Amino acid sequence: MKLKCIATGSTGNCYTLTSDSGETLILDCGIPIKEIKKGLDWNVKDVVGVLCTHKHLDHSKSVEDFEAMGIQILAPYLGDSCKPINMGEFTVKPFDLTTIDGNWTHTDANGEPCPIYGFLITHKEMGKMLYITDCEVVKWKFKGINHILLGVNYDKDLIDRDTGKANHVFRGHLSIDTACDFVKANYSDSLQNVIMCHLSSENSDRDSFIEKMKKVACGANVDVAVAGKSWDLKNPSECPF
């Protein structure tokens, strides 16, 4: 299984999972459809589904384009069921990103709550993978996770609190410290990869994020997503060692 970053950040987010058999699952589609097709080497026929976390255009820009092509969309914020569904050989379980009290953990620019969902993705080639982004905190705990693609936006010590954007950043995104707490709480011996994505261009530091995450990932590969980069995801149960 190959995880690829086509785009990441506030200008647009799109990632793909492609199995050895060629099936591709798209995680968010927040860039023009032509750019996504280019990232797929123009091979759209093997796309088995598109997952969309929330309505903001940097994650949902090309939803209607994929709908027009007849490709299955899973967008729980539009009312889709949160029951597990199969997309090709992928099994996907959405979950709401709310607080224990039921409040949404992401906001619109004006501070209004923004419904948002994460996804637990399972496939025989990679085991279990989490995709979570654009949330202030994650209340859920998971067992036996093998790979995590996690939106980690800012370091609180780097934010200019005199700007009007500070509250939106705090209210709707994961800090590196909160992200480390989440990974630590969900660590398992089978965790192989923690890939951090959607870093703020102003309020993050790639190298310090990696060093902090390595301390809680306990030997798992830790990296930061950049456009064009890819990672091989393996199922630990198939490892001979």
Side-chain angles (χ1 to χ4, degrees), residues 1-5 8 13 15-20 23 25-28 49 51-53 74 76 82-100 105-106 116-153 173-199 209-225 229-241:
M1 182 72 66
K2 186 177 292 293
L3 169 65
K4 179 181 177 180
C5 173
T8 187
N13 296 270
Y15 315 90
T16 60
L17 285 169
T18 302
S19 68
D20 289 344
E23 288 188 343
L25 184 68
I26 295 176
L27 317 180
D28 276 332
L51 311 182
C52 196
T53 54
L74 180 56
C82 281
K83 293 181 179 179
I85 69 166
N86 294 323
M87 293 176 141
E89 294 187 336
F90 295 91
T91 299
V92 182
K93 173 67 173 72
F95 50 91
D96 62 284
L97 291 171
T98 58
T99 64
I100 294 175
T105 58
H106 191 47
I116 185 167
Y117 292 79
F119 298 96
L120 172 61
I121 307 162
T122 306
H123 192 285
K124 62 184 179 181
E125 292 180 10
M126 68 172 186
K128 298 178 180 179
M129 174 182 155
L130 287 174
Y131 175 45
I132 300 173
T133 188
D134 287 57
C135 62
E136 183 180 359
V137 67
V138 185
K139 67 181 179 183
W140 304 106
K141 287 190 177 181
F142 303 86
K143 294 182 179 179
I145 296 301
N146 307 119
H147 315 280
I148 301 174
L149 178 59
L150 187 62
V152 186
N153 188 257
H173 303 86
L174 275 183
S175 70
I176 179 58
D177 295 329
T178 305
C180 287
D181 289 342
F182 171 74
V183 171
K184 185 177 181 179
N186 289 272
Y187 175 77
S188 72
D189 290 338
S190 58
L191 182 64
Q192 290 190 19
N193 293 283
V194 179
I195 310 300
M196 293 177 282
C197 60
H198 209 326
L199 274 65
F209 278 24
I210 290 175
E211 289 307 308
K212 287 184 177 182
M213 188 60 73
K214 281 183 176 179
K215 292 178 181 178
V216 299
C218 300
N221 173 54
V222 175
D223 205 352
V224 166
K229 194 165 188 177
S230 62
W231 304 264
D232 290 326
L233 309 185
K234 301 182 183 301
N235 187 334
S237 66
E238 298 178 359
C239 179
F241 303 105

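Below, all heavy atoms of this structure are taken into account, side chains as well, without hydrogens, waters or symmetry copies. In this text, all values refer to a predicted model and were calculated from it rather than measured experimentally. Residue numbers start at 1 and run along the sequence shown.
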Beyond-backbone contact of I85 with M87, side-chain heavy atoms, under 4.5 angstrom: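 In contact.
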F90 vs T122 side-chain heavy atoms within contact, under 4.5 Å: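 F90 vs T122: side chains apart.
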Could you tell me if [Y] and [X] have a donor-acceptor pair between their side chains, going purely by distance under 3.5 Å?
X    : Y    : answer
S175 : D177 : no
K143 : S188 : no
N193 : N221 : yes

To check you understand the geometry: which heavy-atom pair defines the closest contact between [X] and [Y], and what is its length?
X    : Y    : value
A225 : W231 : CA-CH2, 3.7 Å
K128 : G144 : CD-O, 3.7 Å
I132 : C135 : CG2-SG, 3.7 Å
D96  : W140 : O-NE1, 2.7 Å
L199 : F209 : CD2-CD2, 3.8 Å
L174 : E136 : CD2-O, 3.4 Å

Side-chain ([X]) to main-chain ([Y]) donor-acceptor, under 3.5 angstrom:
X    : Y    : value
E23  : E89  : yes
H106 : D134 : yes
N13  : H198 : no
N146 : L191 : no

Rounded at 0.5 Å granularity, tell me how far [atom1] in [X] sits from [atom2] in [Y].
X    : Y    : atom1 : atom2 : result
L150 : N153 : CG    : CG    : 11.0 Å
M1   : L17  : CE    : CG    : 6.0 Å
K124 : D20  : NZ    : CG    : 9.5 Å
I121 : L25  : CD1   : CG    : 5.5 Å
D28  : T16  : CG    : OG1   : 12.5 Å
L3   : D232 : CG    : CG    : 9.5 Å

Steps toward side chain to side chain contact (heavy atoms under 4.5 Å, CB included) verdict (L97, Y117): CA-CA 5 Å; L97 291 171; Y117 292 79; 5.6 Å; no
Worked check of side chain to side chain donor-acceptor pair (under 3.5 Å) between T18 and K4: CA-CA 8 Å; T18 302; K4 179 181 177 180; over 6 Å; no
Steps toward side chain to side chain contact (heavy atoms under 4.5 Å, CB included) verdict (I145, M129): CA-CA 6 Å; I145 296 301; M129 174 182 155; over 6 Å; no
D223 bridged to K229 by N-O distance under 4.0 Å: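 Yes, D223 and K229 are salt-bridged.
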Check against side chain to side chain contact (heavy atoms under 4.5 Å, CB included), L233 and H147: CA-CA 7 Å; L233 309 185; H147 315 280; 3.7 Å; yes
Check against side chain to side chain contact (heavy atoms under 4.5 Å, CB included), H123 and N235: CA-CA 9 Å; H123 192 285; N235 187 334; over 6 Å; no
F95: which of F142, F119, Y131 passes ring pair (Phe, Tyr, Trp, His ring centres under 6.0 Å):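 Option passing the ring pair (Phe, Tyr, Trp, His ring centres under 6.0 Å) with F95: F142.
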Heavy atoms of other groups near K93 NZ, more than 12 under 6.0 Å: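 Above 12, so yes.
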K234 NZ: over 12 foreign heavy atoms closer than 6.0 Å: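 No, the 6.0 Å shell around NZ holds no more than 12 heavy atoms from other groups.
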